[in-house]
Chemist: 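Following this message is one structure expressed as structure tokens.
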There are 2 protein chains.
Amino acid sequence: MSRANAGTKGVPRADRELQIVRAACEVFGTVGFAKASVAGIAADAGISKPLVYQYFGSKEGLFSACLTHGAELLASDMERVAADDSVGLERGLRTLDGIFRILEPQPWLWRLFFDRTAPESGDVAAARAFYTDRITRLAMEGVGELMALVGDDDPLDVSAMTAVWMNVVDTLVTWWLDHPEVTPSQMTERCYRLIVALSGAEPPAQIVADPAAR
Amino acid sequence: MSRANAGTKGVPRADRELQIVRAACEVFGTVGFAKASVAGIAADAGISKPLVYQYFGSKEGLFSACLTHGAELLASDMERVAADDSVGLERGLRTLDGIFRILEPQPWLWRLFFDRTAPESGDVAAARAFYTDRITRLAMEGVGELMALVGDDDPLDVSAMTAVWMNVVDTLVTWWLDHPEVTPSQMTERCYRLIVALSGAEPPAQIVADPAAR
DNA sequence: GAGGTAACTTACCCAAAGGTCATATCCCTG
DNA sequence: CAGGGATATGACCTTTGGGTAAGTTACCTC
């Protein structure tokens with residue numbers, strides 16, 4: 001009588017895990033690791049706290065799963081863009097475009113990656129290091145091309161510029177979160193204008209109208 | 001006998017408050033509001049927890065005092081630069097230069113401002129809104145000038161660009177934190193090169209050598 | 001259909017941290 | 001030099017939330 005609602009509901013583990021991860025991504029991405037409560041996530045997912053621990057071991061394990069889930073989505077898209085033959089600012093624009101489209105239905109995914117309240121050791125750090133490497137490599141490649149175009153190949157300059165680039169993406173996504181009525185396409189066009197304003201010279205324009213980029 | 005170390009040590013309130021705020025700025029700025037512990041801050045400051053509460057009322061009140069302390073320092077310097085007659089990218093460079101010099105001995109101050117784990121209502125929010133307004137106004141003014149130079153006066157574009165600009169500053173400061181051997185002057189020069197790389201056209205060069213900017 | 005296993009829950013434990021209380025010591029003033 | 005107020009503290013209270021123990025139900029296989 002005491003454990004009235006106990007007992008299996010016949011949902012396979014893989015389904016439940018995905019359901020939990022999705023709820024957790026939204027919570028972690030919105031309020032951050034430190035302020036997120038496992039009980040709250042469980043409630044959002046419509047299940048109880050011990051099930052979360054049974055499947056993910058700890059709050060940290062759950063966050064790690066979320067990080068992997070989100071980062072995989074983003075990293076694979078960035079690699080797709082990198083495989084194109086665009087260079088310099090145009091490649092930057094195409095990358096932004098892909099990111100905006102992925103984040104449209106789940107903008108909070110982005111925050112998982114830059115959460116300073118997340119643990120800095122253990123599985124979480126390992127997962128983050130793995131994806132940071134993967135993404136930073138792409139960014140450095142793109143930024144390096146851009147810097148080489150103007151004859152600057154100081155590695156520290158490239159390093160700093162890569163950091164700037166990655167946080168510019170972060171900032172534009174954040175700005176977008178505060179202006180939810182703006183569509184991904186409009187964001188891409190806006191980024192194009194901002195780059196024009198900075199550089200004076202206009203990069204190729206086909207990105208905005210290119211149907212293949214949709 | 002139980003409260004052995006109790007009793008005044010003759011330190012005036014104002015001195016203690018400054019001492020506590022300084023310790024708190026470092027902790028809040030380093031680990032963030034959520035993960036910071038008041039007892040830990042008290043220990044760092046060399047005093048006990050109840051004294052913190054006696055002087056600041058709550059953890060939130062303490063953070064609010066830190067925010068005001070740090071923001072005042074930065075905002076007043078930005079206003080100094082704004083009062084100069086530089087425009088566009090040169091004004092941006094001068095602002096960066098001032099920020100780097102202020103943050104050199106206490107880089108964590110910067111993070112107080114962008115702490116997403118801080119409370120979003122009450123005194124903290126009020127203090128942040130006050131300084132956000134003050135700083136954003138300056139940034140928008142500078143960014144607006146830059147955008148006007150190239151004929152873009154869409155207010156949303158200016159808004160997004162302002163966000164980008166403010167986070168670029170954040171990023172460069174963060175990058176600097178990871179490269180402590182770099183001096184403020186070197187950082188300013190590096191920023192100059194990055195801007196050149198982005199814009200193609202070179203902004204006025206005197207900022208780097210200008211003794212008045214030191 | 002008996003039993004093993006995977007899916008699920010309620011009720012609880014306990015450590016950490018925000019916040020308070022009662023008390024102790026010192027300085028300043030009349 | 002008496003006492004009021006400012007400065008200071010150890011011990012405590014209370015809430016929050018990560019984590020667990022033990023029990024319940026359903027499905028699957030033989």
Side-chain angles (χ1 to χ4, degrees), chain A residues 1-21 23-24 27-28 30-66 115 117-119 121-124, chain B residues 1-21 23-24 27-28 30-66 115 117-119 121-124:
Chain A
M1 175 67 95
S2 62
R3 242 133 287 192
N5 290 331
T8 181
K9 275 139 190 135
V11 180
R13 173 163 183 163
D15 292 7
R16 274 282 192 251
E17 282 184 343
L18 183 59
Q19 183 183 349
I20 295 169
V21 163
V27 174
F28 281 136
T30 305
V31 308
F33 180 84
K35 282 173 101 172
S37 114
V38 176
I41 290 170
D44 287 355
I47 48 99
S48 69
K49 188 168 64 160
L51 195 59
V52 175
Y53 281 92
Q54 191 172 327
Y55 285 170
F56 296 95
S58 64
K59 184 182 183 182
E60 199 172 320
L62 177 57
F63 185 82
S64 184
C66 291
D115 188 348
T117 69
S121 61
D123 285 352
V124 172
Chain B
M1 177 63 95
S2 62
R3 242 132 290 190
N5 290 331
T8 181
K9 279 149 187 122
V11 181
R13 173 163 185 162
D15 293 6
R16 274 282 192 250
E17 282 184 343
L18 184 59
Q19 184 182 349
I20 295 169
V21 162
V27 174
F28 281 136
T30 306
V31 309
F33 179 84
K35 282 173 101 172
S37 113
V38 176
I41 291 171
D44 287 355
I47 49 98
S48 68
K49 189 168 64 161
L51 195 59
V52 176
Y53 281 92
Q54 193 172 326
Y55 285 170
F56 297 94
S58 64
K59 184 183 185 182
E60 199 171 319
L62 177 57
F63 185 83
S64 184
C66 292
D115 188 349
T117 69
S121 61
D123 285 352
V124 173

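Numbers restart at 1 for each chain; the letters A, B, ... are given by sequence-line order, proteins then strands.
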Chemist: I need the Glu17(A) CD to Leu51(A) CG distance, nearest 0.5 Å.
Modeler: 9.0 Å

Chemist: Give Ser37(B) one of three labels, base, sugar-phosphate or nothing, depending on what nucleic acid heavy atoms sit under 4.0 Å from its own.
Modeler: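 It contacts sugar-phosphate atoms only.
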
Chemist: At less than 4.0 Å, is any side-chain N or O atom of Arg13(B) found next to OP1 or OP2 of dA6(D)? Yes or no.
Modeler: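 Result: no.
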
Chemist: Think Lys9(A) has a side-chain N or O under 4.0 angstrom from the OP1 or OP2 of dT9(C)?
Modeler: yes

Chemist: Would you mind classifying the nucleic acid contact of Ala36(A) as base, sugar-phosphate or nothing, using non-hydrogen atoms under 4.0 angstrom?
Modeler: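 Counting heavy atoms under 4.0 Å across all strands, the contact made by Ala36(A) is with sugar-phosphate only.
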
Chemist: Rounded to whole angstroms, how far apart are CZ on Phe56(A) and C1' on dG18(D)?
Modeler: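 Distance check: Phe56(A) CZ to dG18(D) C1' gives 16 Å.
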
Chemist: Tell me which nucleotide among dT9(C), dG10(D), dG19(C) gets nearest to the side chain of Pro50(A).
Modeler: dT9(C)

Chemist: OP1, OP2 of dA26(D) versus side-chain N and O of Thr8(A): anything below 4.0 Å?
Modeler: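 Indeed not, no polar side-chain atom of Thr8(A) lies that close.
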
Chemist: Using the side-chain heavy atoms of Tyr53(A), tell me which of these nucleotides is nearest: dG18(C), dT9(C), dG19(D).
Modeler: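 Nucleotide nearest to Tyr53(A)'s side chain: dG19(D).
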
Chemist: Whole angstrom is fine here: how far is it from CD in Glu60(A) over to C1' in dG17(D)?
Modeler: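 Nearest whole value for this atom pair: 16 Å.
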
Chemist: Return no unless some side-chain N or O of Arg16(B) is found under 4.0 Å from OP1 or OP2 of dT7(D).
Modeler: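 No, because none of the side-chain N or O atoms of Arg16(B) sits under 4.0 Å from OP1 or OP2 of dT7(D).
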
Chemist: Donor-acceptor pairs under 3.5 Å, side chain of residues 55-65 of chain A to any protein atom, not counting sequence neighbours: which ones?
Modeler:
residue	atom	partner	partner atom	Å
Ser58(A)	OG	Glu60(A)	N	3.4
Ser58(A)	OG	Gly61(A)	N	3.0
Lys59(A)	NZ	Phe33(A)	O	2.9
Lys59(A)	NZ	Ala36(A)	O	2.9

Chemist: Under 4.0 Å, counting only non-hydrogen atoms across every strand here, what does Tyr55(B) touch: a base, just sugar-phosphate, or nothing?
Modeler: sugar-phosphate

Chemist: May I have the distance from Lys49(B) (atom NZ) to dA17(C) (atom P), rounded to whole angstrom?
Modeler: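 Checked: the NZ to P distance equals 10 Å.
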
Chemist: Of all the heavy-atom pairs spanning Val124(B) and Ala118(B), show the shortest one and how long it is.
Modeler: CG1-CB, 4.4 Å

Chemist: So what does Ala34(A) touch, heavy atoms closer than 4.0 Å: a base, only the sugar-phosphate, or nothing?
Modeler: nothing

Chemist: What is the distance, rounded to the nearest whole Å, between atom CD of Gln54(A) and atom C1' of dT10(C)?
Modeler: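 Gln54(A) atom CD is separated from dT10(C) atom C1' by 14 Å.
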
Chemist: If I take atom CG from residue Asp44(A) and atom CD1 from residue Ile20(A), how far apart are they, to the nearest 0.5 angstrom?
Modeler: 11.5 Å

Chemist: What's the spacing between Ile47(B) CD1 and Gln19(B) CD if we round to 0.5 Å?
Modeler: 7.0 Å

Chemist: Could you state the atom-to-atom distance from CG of Asp15(B) to C1' of dT7(D) in whole Å?
Modeler: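 Between C1' of dT7(D) and CG of Asp15(B): 12 Å.
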
Chemist: Identify, between Lys35(A) and Ile47(B), the residue whose nearest nucleotide on DNA chain D lies closer to the 5' end.
Modeler: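 Looking at DNA chain D, the more 5' nearest nucleotide goes with Ile47(B).
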
Chemist: Between C1' on dA6(D) and CD on Glu17(B), what's the gap in Å once rounded to a whole number?
Modeler: 13 Å

Chemist: Among dT9(D), dG19(C), dG18(D), which is the nearest nucleotide to the side chain of Lys59(A)?
Modeler: dG18(D)

Chemist: Looking at Asn5(B), does any N or O in its side chain come under 4.0 Å of the phosphate oxygens OP1/OP2 on dG10(D)?
Modeler: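 For Asn5(B), the contact criterion (side-chain N or O under 4.0 Å from OP1 or OP2 of dG10(D)) is met.
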
Chemist: Which heavy atom of Ala42(A) sits nearest a heavy atom of Ser48(A), and at what distance?
Modeler: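 Shortest heavy-atom contact: CB-C, 3.7 Å.
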
Chemist: Here's a test of your reading of the structure: between Ser48(A) and Phe33(B), which maps to the more 5' nucleotide of DNA chain C?
Modeler: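 So the residue in question is Ser48(A).
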
Chemist: Distance check needed: dG18(D) C1' versus Phe28(A) CZ, whole Å only.
Modeler: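 One finds 11 Å between C1' of dG18(D) and CZ of Phe28(A), rounded.
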
